[in-house]
Amino acid sequence: MIHRFAPESAPSPAYTPSPTSALDQPSPLLQSLNPEQLAAVTLGPEPALILAGAGSGKTRVLTTRIAWLLSTGQVGPAGVLAVTFTNKAAKEMLTRLAALLPLNVRGMWIGTFHGLCHRMLRAHCKLLNLPATFQILDMQDQLSAIKRLHKQLALDEERFKPKELQWFINACKEEGQRAHQVPARDAEQRHKIEFYRLYEEQCQREGVLDFGELLLRSFELLRDHDPVREHYQRRFRHILVDEFQDTNRLQYAWLKLLAGRMEGNQFVPAGNAVLAVGDDDQSIYAFRGARVGNMADFVREFGVRQQIKLEQNYRSQAHILEAANRLIEHNQGRLGKNLRTDQGTGEPLRVYEAPSDYAEANWIVDEVRQLTGRDGLPAHQVALLYRSNAQSRVLETALFNAGLPYRVYGGLRFFERAEIKHALAYLRLLDNPADDTSLLRVLNFPPRGIGARSVEALQAAAQAAGCSLHDAASAVPGRAGASLGAFVALLDALRERCQGLALRQIVEQVLQHSGLLAHYRAERDASERVENLEELLNAAESFVMQEGFGRDAVALPLDETAAAEAGAAANAGNPPDEEPPSGETLSPLQAFLSHAALEAGDNQAQSGQDAVQLMTVHAAKGLEFDAVFITGLEEGLFPHDNASSSAQALEEERRLMYVAITRARQRLYLSHAQTRMLHGQTRYHPRSRFLDELPPQCLQWLSPKPGAVAGLARGSTGLQPAWGRSALVPEVPGVPGLPSRSAPATADTHGIRSGMAVFHQKFGQGKVLAVEGRGDDARAHVNFTRHGSKWLALAVAKLTPL
DNA sequence: CCGCACTTTTTTTTT
DNA sequence: AAAAGTGCGG
């Protein structure tokens, strides 16, 4: 007997609960939950906050709660809203839920903030005066749109950099502010605000929305349209929020609209059961507006009476957990939480200091070989983590040379590759010719004789006529006009050709007749690009198969909402701007394009093979592995240079380190390199302060610990081979891997001594804090008045004693 | 208009 | 080191 919850055919009241009541007869769902987890899963319908430590079964609690609510008939599938940050987390939740219940989860409102807001906007685009064909700008697109406007306004390159303007606009949106709401502190600020306003006009004209706009528009939809808000409020009786510590102001405000209303400055909850799950120690997205304070605000504004701490860790062995606990204690103002484990003591954390980044990578390869060979771990249970994407290169090279299969997450994702973006631009222009960003991207790609001059003429014509570039093409005279006309004709022909075709065929037509495929086939060294384009065909095909034409994803709310709005509108005397949304569904093409923008293609390549996993620490959040390497633990890298200035930023780096440590189940390796190629230069970094913040009794130094007698390092597996390979850096005779902080500054130090006042071309005046090594290896730690402290190689940097 | 070579800038993390 | 921007000859 299988229950099929097809939301389309089952409006909320028609849902029939299974006869079992979990309250009198404990359902198998609830077995093997610990008391705290059980309490969290079976909370009553009221606002609650779960403080869920790393590895405490957070996702399990969330999915089990949804399953429990559904199976006890407290709510139907349409009455649940569950929101996460990453597509990965959303997918995980759907998969687990589907495993718990015989349920068609596809139509449920479980997804990322951006995904769900997008769904809402599609359903109400008429009401919002959005074209039904609106497309989503990713960061790249957004930047190029900004650059275009920047140029058009002839702004000063020095005073307003496009990147800065992009950052400014996104920051405003994260705070929920439109241009007119941003306080203008000074002239500079006023210019930025004006730019923000013009950028918004441009986006509206072109029918495109950036990431922040998805959230902001959705927020405004709920704020300004009572019937819509009331509809969703009635509908979503249970709202579950994952990673609550990483919500920004706007996301929190959005949630408040779904669960209450403002009376003046006072928030009045409407009684929806909002379950916020989070961990303040794992807040690592402040740089994009995350606000830990939302947790405290939530407790206050929703009048939360139920707070549950999940402190039992089911993932890591004791040494690992102890290290994480001690590290995070260095942060101030935590909510406070101490994880415990019963997974056994386990092995100490292994710390390795390599002479160079190259040697570090080779040591890691040796250790990975042992783990996957002698220790029998599957390769995908081994993760190599780093602070920034650029660090993956050395590791990749070493793994490649050793013939070990690996998989890199993040970095350049599938849908972000240039050739794919070109193809997508053509696809977008089929439905939305007003998309100037896309048009400019492919106007002359492949090259068809439309140069900078022609583009200028076209832009001038468009501005004069106040229309899109596409529509302005016919107004350009002469030779340029002819080639522009030809391009527009090509697009029109393509559109004609694709009428009524299936998605795969549409993509095929575009690749063929845009000339993209031919262009890359003719180019040398472009075989990978051709393969990627062919992969795009597969992606389109499998998208149609998996998503069921992408229909469910968007179609679900329409009928219901239309009814709700129609009813409300009728009662309110049918104001003209409150027309109910049409019931049209998203075309497969539009669904696919949205999918490409929102999911960026989680690096689908080579997913079949068992491979070592490489990713940034950010990307690793929410994942776990038997063995984890945290690499590049150096001052300037991790913690990152840009964070060293403020205490807040430094604490975020520490939380990042906390996240990294708590990914590991059994084995944790920590490594750093004395020298590293960075931005094309060899740089010297002292080891990360985080290493010194870990409890010594949990650590095993595979290379001499500073202050320890050289050569007495314990457990030296993998030590010799790494040192034997340190070709890049000559060792100081007799003392391999010399401790980086206690070297005597005796011989040739280029006339630089500790305590000296010095001058540097770029950094200006500074004071020498320490000098290490000698000859070509000599380096100085200098505290510059204007630029803070830096390590400089004396053989390279020109330091003048003052 | 195109392609090539040269110069300059940029590098944290991401939905 | 890599990418993006600039300038020049064909």
Side-chain angles (χ1 to χ4, degrees), chain A residues 83-90 111-118 136-140 142-144 147 151 157-158 161-164 166-167 170 173-174 209-216 218 242-243 246-248 250-251 283-290 357 385-394 397 409-413 415-416 418 443-457 479-480 483 523 594 597-600 602 615-622 632 636-644 649 652-653 655-657 659-660 676-683:
Chain A
V83 59
T84 65
F85 273 87
T86 63
N87 295 302
K88 210 170 6 180
T112 62
F113 277 100
H114 293 85
L116 296 177
C117 286
H118 171 246
I136 301 166
L137 293 184
D138 66 16
M139 294 279 279
Q140 270 179 59
Q142 187 191 30
L143 186 60
S144 69
K147 280 183 179 164
K151 216 172 232 166
E157 279 286 346
E158 286 307 305
K161 294 190 174 133
K163 273 254 173 68
E164 273 170 36
Q166 181 181 30
W167 191 87
N170 289 337
K173 292 190 178 183
E174 277 150 11
L209 273 66
D210 59 43
F211 281 138
E213 189 70 11
L214 289 174
L215 299 191
L216 190 46
S218 179
D242 193 14
E243 309 277 15
D246 282 328
T247 51
N248 61 34
L250 179 57
Q251 286 158 338
S283 169
I284 55 174
Y285 284 105
F287 70 91
R288 63 169 199 214
D357 51 350
L385 307 184
Y386 34 82
R387 175 70 234 273
S388 57
N389 281 305
Q391 289 169 253
S392 73
R393 251 201 133 69
V394 211
T397 310
Y409 288 80
L412 254 207
R413 304 227 272 283
F415 286 116
E416 287 168 3
L443 181 57
N444 196 33
F445 196 94
R448 47 175 73 89
I450 303 174
R453 282 314 253 289
S454 308
V455 174
E456 262 171 48
R479 205 192 163 91
S483 39
E523 194 164 297
S594 302
L598 286 171
E599 308 211 9
D602 282 342
M615 64 191 85
T616 63
V617 181
H618 282 91
K621 186 156 86 150
L637 251 178
F638 197 1
H640 195 273
D641 251 337
N642 302 14
S644 56
E652 175 142 318
E653 294 287 304
R655 289 193 293 271
L656 199 53
M657 180 67 182
V659 167
R676 180 176 296 274
M677 283 297 275
L678 212 58
H679 320 322
Q681 277 183 316
T682 306
R683 305 246 317 236

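Just so it is clear: chains get the letters A, B, ... in the order the sequence lines come, proteins before strands, and each one is counted from 1.
C:dT6 and B:dT11: their P atoms are spaced 16 Å apart (whole Å). Taking atom C1' in both B:dT13 and C:dA4, the straight-line distance is 22 Å, to the nearest Å.
Within 4.0 Å (heavy atoms only), A:Met139 reaches at least one base atom of the nucleic acid. Within the 4.0 angstrom heavy-atom criterion, only backbone atoms of the sugar-phosphate kind lie near A:Ile450; the bases stay farther away. Counting any heavy atom pair closer than 4.0 Å across all strands shown, A:Phe638 reaches no nucleic acid atom. Within the nucleic acid shown, A:Lys147 comes within 4.0 Å of sugar-phosphate atoms alone, with no base atom in reach, counting heavy atoms only. Contact annotation for A:Asp138: no contact, since no heavy-atom pair falls under 4.0 Å across all strands.
For A:Pro447, taking side-chain heavy atoms from C-beta onward, the closest of the listed nucleotides B:dG3, B:dT13, B:dT15 is B:dG3. Checked against B:dT12, B:dT15, C:dA2, the side chain of A:Glu653 finds its nearest nucleotide in B:dT12. Among B:dT15, B:dT13, C:dA1, the nucleotide with an atom closest to any side-chain atom of A:Met677 is C:dA1. Each of B:dC2, B:dT14, B:dT15 was ranked by its minimum atom distance to the side chain of A:Asn444; first place goes to B:dC2.
The interatomic distance linking A:Leu214 (CG) with B:dT14 (C1') rounds to 14 Å, in whole Å. Following rounding to the nearest Å, A:Asp641 (CG) and B:dT13 (C1') show an atom-to-atom distance of 14 Å. When rounded to the nearest whole Å, the span between CG of A:Asn170 and C1' of B:dT13 equals 15 Å. Between A:Asn87 atom CG and B:dT14 atom C1' the separation is 11 Å, expressed in whole Å. One can place CD of A:Gln681 at 14 Å from C1' of B:dT9, the figure rounded to the nearest angstrom. To the nearest angstrom, P of B:dT13 lies 17 Å from CG of A:Asp246. As a whole-Å value, the separation of A:Leu137 CG from B:dT14 C1' is 16 Å. Note: NZ (A:Lys161) to P (C:dG5) measures 13 Å, nearest angstrom.
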Decide side-chain contact (heavy atoms from CB on, under 4.5 Å) for A:Tyr386 and A:Val617; before the verdict, give the C-alpha distance in whole Å, the side-chain angles of both, and the deciding distance to 0.1 Å.
CA-CA 6 Å; A:Tyr386 34 82; A:Val617 181; over 6 Å; no
Are A:Arg387 and A:Leu656 close enough, and set up right, to give a side-chain contact (heavy atoms from CB on, under 4.5 Å), and what steps lead you there?
CA-CA 9 Å; A:Arg387 175 70 234 273; A:Leu656 199 53; 3.2 Å; yes
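Stacking is found between A:Phe287 and the pyrimidine-like six-membered ring of the B:dT13 base under the 5.5 Å centre-distance and 30° plane-angle cut-offs. A stacked arrangement is assigned to A:His640 and the six-membered base ring of B:dT12, with a centre-to-centre distance below 5.5 Å and an interplanar angle below 30°.
For A:Arg683, no side-chain nitrogen or oxygen approaches OP1 or OP2 of C:dA1 to under 4.0 Å. OP1 and OP2 of B:dC1 both lie 4.0 Å or more from every side-chain N or O belonging to A:Arg448. For A:Thr616, a side-chain nitrogen or oxygen approaches OP1 or OP2 of B:dT14 to under 4.0 Å. Residue A:Asn389 has a polar side-chain atom (N or O) positioned under 4.0 Å from OP1 or OP2 of B:dT14. OP1 or OP2 of B:dT11 lies within a sub-4.0 Å distance of a side-chain N or O belonging to A:Lys163. Distances shorter than 4.0 Å separate none of the side-chain N or O atoms of A:Asn248 from OP1 or OP2 on B:dT15. At B:dC1, one or more side-chain N or O atoms of A:Ser454 fall inside 4.0 Å of OP1 or OP2 (strictly under the cut-off).
A donor and an acceptor atom sit less than 3.5 Å apart, one in the side chain of A:His679 and one in the base of B:dT11.
Across all strands shown, C:dA2 forms a Watson-Crick or G-U wobble pair, both distances under 3.5 Å, with B:dT9.
The heavy-atom pair separating A:Gln166 from A:Met139 by the smallest distance is NE2-O, 3.1 Å. Residues A:Thr84 and A:Ala89 come closest through the heavy atom pair CB-CB, 4.0 Å.
Between A:Gly449 and A:Leu598, the one whose closest nucleotide on DNA chain B sits nearer the 5' end is A:Gly449. Mapped onto DNA chain B by nearest heavy atom, A:Val455 and A:Glu416 fall at different nucleotides, with A:Val455 at the one closer to the 5' end.
Atom CD in A:Gln142 sits 7.0 Å away from atom CG in A:Leu137 (nearest 0.5 Å). Between the OG atom in A:Ser218 and the CD atom in A:Gln251 there is a gap of 11.0 Å [rounded to 0.5 Å].
Both tests do not hold together for A:Lys621 against A:Tyr285: distance to the six-membered ring centre under 6.0 Å, angle to the ring axis within 45°.
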